[in-house]
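Remember, it's 1-based here, ligands and their atoms both numbered in the order they're listed.
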Amino acid sequence: MSGPLVSAPGKAFLIGEYAVLEGATAVVTAVDCRAHAQRSPSRPSHVTEVVEAAHASVSAYLKDRGLPSPGPVPTVDTGGFRLGSRKIGLGSSAAVAATVVGFLLAQAGVEIGGVDGRKVAYGLAREAHRRAQGGGSGADVATSVFGGTLRFADGEVSPATLPQWLRIGFVDAGAPASTASFVRLVREAAVTDPDPYAQAMADLRGASEDFLAALGGDGPSESFALLGRAVERHNRGLRSLQNLSGAPILTPTIERIIAVAAEVGLAAKPSGAGGGDLVVVFSRSQAALDVLGDRLRRDHGIDLLAALKAGADGLRLERHAPRCSRIAGLFRLPLADRRRAVAAACDLDIAGFDVLDSGALGLEQAEHLIENVIGVLELPIGVATNFRVNGVDYLVPMSVEEASVVAAASNAAKMIRAGGGFVAHSDPPWMIAQIQLTRGDSPHDAAAAVGQIEAERGNLLQLAEVVHPRLVARGGGPRAIEVRVLSEDMLAVHVVVDCRDAMGANLLNTIAETLAPRLQALSGWTVGLRILSNLADRRRTHVTARIPPSALASRGWDGSKVVDGIVSASRFAELDPYRAATHNKGIMNGIDAVVLATGNDWRAMEAGAHAYAAQDGRYRPLAIWRKGADGWLEGQISVPMAIGMVGGATHVHPVARLAIEILGCRSSAELGQVMAAVGLASNLAALRALATEGIQRGHMSLHARTLAVGAGAVGPEIEALSALLIDSGEIKQERATAILRELRKTEKSAAQA
Ligand code: NAD
């Protein structure tokens with residue numbers, strides 16, 4: 001990379017998106033999905049009208065000041081604005097205008113992070129955006145440049161402050177079904193039905209005023225109640241506008257999100273024009289947002305976009321370029337160059353990669369990890385390429401002894417990339433601690449014991465909170481107490497705990513042990529086991545992918561035939577547990593390799609995955625595949641993800657620490673999303689091979705290398721021996737040993753001759 005690296009955020013409306021048309025105030029917040037601009041010789045720039053207009057604006061500005069004209073347009077990456085192949089309505093074109101202007105100004109020496117620089121950038125980006133888009137209020141561009149949360153009225157921009165107590169979430173309401181301009185339909189309704197239109201606008205305007213009053217209100221309780229009423233009034237106004245204009249503003253999905261939010265005490269409304277896309281939710285706590293996200297996903301298959309944060313920074317210079325996981329020909333490079341390529345792509349110091357040398361986990365460290373240590377077992381660690389999850393690229397460290405796992409995952413990730421990459425969502429990081437209670441000779445029956453415990457839920461939760469104050473300070477902690485009657489003489493009490501970025505086993509076990517005596521006293525039953533459950537079904541990761549048939553075609557196999565073959569293979573696994581076990585083994589090839597590389601507990605992952613696969617009484621595939629209406633292949637996986645970024649071996653093992661740096665994940669949820677994506681990719685690779693030429697061809701050619709090494713081949717002998725083994729058609733250890741013997745004999749006589 002040469003020159004600056006600049007980024008700008010997207011935006012979402014909080015209130016006033018229709019009322020602003022009539023001069024009322026709108027409130028818009030910057031959201032932390034960012035467009036990046038940089039000069040990248042390896043990646044050509046995609047010159048859109050907005051990019052061109054931004055370049056022209058800055059050129060004119062610099063010329064007026066007698067400064068040299070800027071160089072060519074930069075490369076702009078807007079991956080974060082996409083969910084797979086679908087763009088979400090977060091104002092990406094305004095972010096592109098802001099970031100290109102910012103890049104060119106920064107290159108010319110303008111300080112774009114300061115107030116004056118941002119003002120210049122705003123003026124130029126607004127003009128460019130307006131020219132390219134043929135109009136616009138400037139709200140999008142101002143938010144992308146200034147960041148934070150802004151108020152707009154009559155074209156004037158001023159900062160707005162969000163109160164400390166307010167938490168904002170965004171829900172994906174699906175692709176807008178209508179491409180009609182809702183604003184045009186609404187304006188037409190203003191002419192044909194002026195009175196009802198005025199009434200609807202009065203509601204929307206009043207909603208905006210109440211909303212602003214709530215932001216500046218006294219106490220959180222009253223202010224949140226006022227905000228809730230403002231949002232209700234806004235939705236009422238939207239329903240009237242919908243009836244008048246015929247624009248499907250509040251789709252059935254949006255209405256469902258609003259209703260579920262109300263059920264859990266939260267306020268929700270469409271963000272922007274409606275018709276699908278985004279819904280914004282207002283809450284007083286992250287925990288309540290998590291409850292909503294959990295319910296929407298479980299009961300309605302709707303996703304809270306948990307990674308989208310409101311009030312993001314505006315235009316800024318970045319120190320690190322976003323990772324690019326497309327490193328063509330990585331496998332061909334010598335090992336040292338491969339390390340350098342990965343370090344460069346991740347902007348990491350190559351010196352830190354020394355921990356990958358043999359013996360990085362010293363005996364002394366090993367002694368602290370387990371008992372009776374006599375040495376260290378080493379496994380290879382490789383890096384899978386091509387992964388793009390929620391618009392972000394990841395190079396994925398994988399540790400595994402089996403040939404072809406890393407290559408297959410990389411290859412499948414490339415096919416999935418052709419369809420826009422993986423789309424991933426996570427349940428909240430909720431784990432379950434279990435306390436077993438048995439009746440013994442207690443006079444209380446199960447119903448009575450359950451009643452006693454449930455009546456004390458609030459106090460029990462408080463007691464559980466005291467155990468881990470630091471976890472509570474980080475936004476985690478106990479969330480619910482649930483009692484399950486297993487038989488008339490046995491109960492299981494579940495404490496649901498938000499573990500944030502830890503796997504949580506030790507955290508949960510302490511909570512279980514702390515609550516146990518209290519539960520015994522309350523119920524009169526006897527405490528038995530106190531430990532977490534590894535069936536982490538409250539902490540699942542969900543990943544989907546869509547692949548165009550053309551990306552699946554292979555050696556004489558038509559892409560659409562491959563789609564049919566994979567769909568049939570999926571159905572086989574759905575119908576037959578014998579097949580499902582092998583199907584899931586292929587998924588775990590990928591997941592376990594990342595779990596291991598990042599120092600996580602792969603037994604916990606395995607236990608959780610297989611228990612979940614059998615949860616409805618029959619062992620099922622974790623991932624399934626279907627053919628979409630457009631003929632594309634569609635895959636999805638849901639899998640419990642009891643993994644952490646902190647705790648356990650993640651921080652102790654030097655290679656695990658480096659693996660997490662290479663990934664660049666910032667939360668356990670993000671790490672889990674990459675792991676599940678690798679699982680889905682591994683599954684795709686296996687099914688594609690099975691549905692076409694069979695698994696052996698590709699697998700055996702890689703397996704040949706392992707056998708060559710096993711036979712004692714070194715250096716160039718390895719490649720030569722594996723090629724001869726493949727040619728022999730007999731890929732077996734004895735054959736490898738025999739061929740190596742022959743090979744060495746021939747070389748010796750050649751040398752003597
Ligand atoms: P841990 O005991 O190391 O606890 C995590 C620590 O990280 C806590 O002290 C917490 O306060 C701290 N922390 C720092 N930043 C945090 C953040 N952002 N979010 C959350 N916590 C943060 O680790 P753990 O996750 O409680 O337990 C994992 C270990 O337990 C693994 O080694 C696992 O093998 C082992 N284990 C597993 C089982 C099982 O799966 N059945 C049983 C027992 C132990």
May I ask you to list the atoms of ligand 1 that are less than 4.0 angstrom from any heavy atom of [X]?
| X | result |
| --- | --- |
| Leu507 | 8 (C), 26 (O) |
| Cys499 | 19 (N), 20 (C) |
| Asp601 | 33 (C), 34 (O), 37 (C), 40 (O) |
| Ala502 | 5 (C), 19 (N), 20 (C), 21 (N), 25 (O) |
| Met503 | 25 (O), 28 (C), 40 (O) |
| Asn534 | 39 (C), 40 (O), 41 (N) |
| Leu532 | 38 (C), 39 (C), 41 (N), 42 (C) |
| Asn509 | 43 (C) |

* Asked: Out of Arg500, His468, Arg470, Met431, who gets a non-hydrogen atom closest to atom 9 (O) of ligand 1?
  -> Arg470
* Name the option, out of Asp501, Val472, Ile531, Asp498, that contains the heavy atom nearest to atom 19 (N) of ligand 1. => Asp501
* Asked: Do other residues, nucleotides or ligands put more than 12 heavy atoms under 6.0 Å from the CZ atom of Arg666?
  -> no
* Mark yes when over 12 heavy atoms from residues, nucleotides or ligands other than Arg618 sit less than 6.0 Å from its CZ; otherwise mark no. =>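 Above 12, so yes.
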Closest non-hydrogen protein atom to [atom], residue and atom name please, with distance?
| atom | result |
| --- | --- |
| atom 7 (O) of ligand 1 | Val646 CG2, 3.9 Å |
| atom 38 (C) of ligand 1 | Ala505 CB, 3.6 Å |
| atom 31 (C) of ligand 1 | Gly648 CA, 4.0 Å |
| atom 2 (O) of ligand 1 | Asn506 ND2, 2.9 Å |

* To do: Determine if the distance from atom 44 (C) of ligand 1 to the closest protein heavy atom is below 4.0 Å.
  => yes
Reported [atom1]-to-[atom2] distance for the pair [X] and [Y], which is rounded to 0.5 angstrom:
| X | Y | atom1 | atom2 | answer |
| --- | --- | --- | --- | --- |
| Asp592 | Met605 | CG | CE | 7.5 Å |
| Asp393 | Leu395 | CG | CG | 7.5 Å |
| Ser410 | Asn386 | OG | CG | 6.0 Å |

* **Min side-chain heavy-atom separation Ile637-Asn683 under 4.5 Å** => no
* To do: Check whether any side-chain heavy atom of Gln673 sits under 4.5 Å from a side-chain heavy atom of Phe422, and report yes or no.
  =>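 No, every pair of side-chain atoms sits at 4.5 Å or beyond.
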* To do: Applying side chain to side chain donor-acceptor pair (under 3.5 Å), run through Ser7 and Glu318 and close with a yes or a no.
  => CA-CA 7 Å; Ser7 79; Glu318 299 284 349; 2.6 Å; yes
* Answer side chain, backbone, both or neither: which part of Met645 comes under 4.0 Å from ligand 1, heavy atoms only. => neither
* Asked: Does ligand 1 have an atom that lies less than 4.0 angstrom from a heavy atom of Leu508?
  -> no
* Compute the minimum heavy-atom distance from Gly504 to ligand 1 and say whether it is under 4.0 Å. => yes
* Residues Arg339 and Asp357 bridged, charged N to O under 4.0 Å -> yes
* Hey, is ligand 1 close enough to Arg474 that some N/O pair sits below 3.5 Å? ->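 There is such a contact, yes.
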* So among Val472, Val497, Ile511, which one has a side-chain contact (heavy atoms from CB on, under 4.5 Å) with Glu465? ->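 Answer after filtering Val472, Val497, Ile511: Val472.
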* Between Glu513 and Asn509, does a side chain to side chain donor-acceptor pair (under 3.5 Å) hold up when you go through it step by step? -> CA-CA 6 Å; Glu513 291 190 4; Asn509 295 346; over 6 Å; no
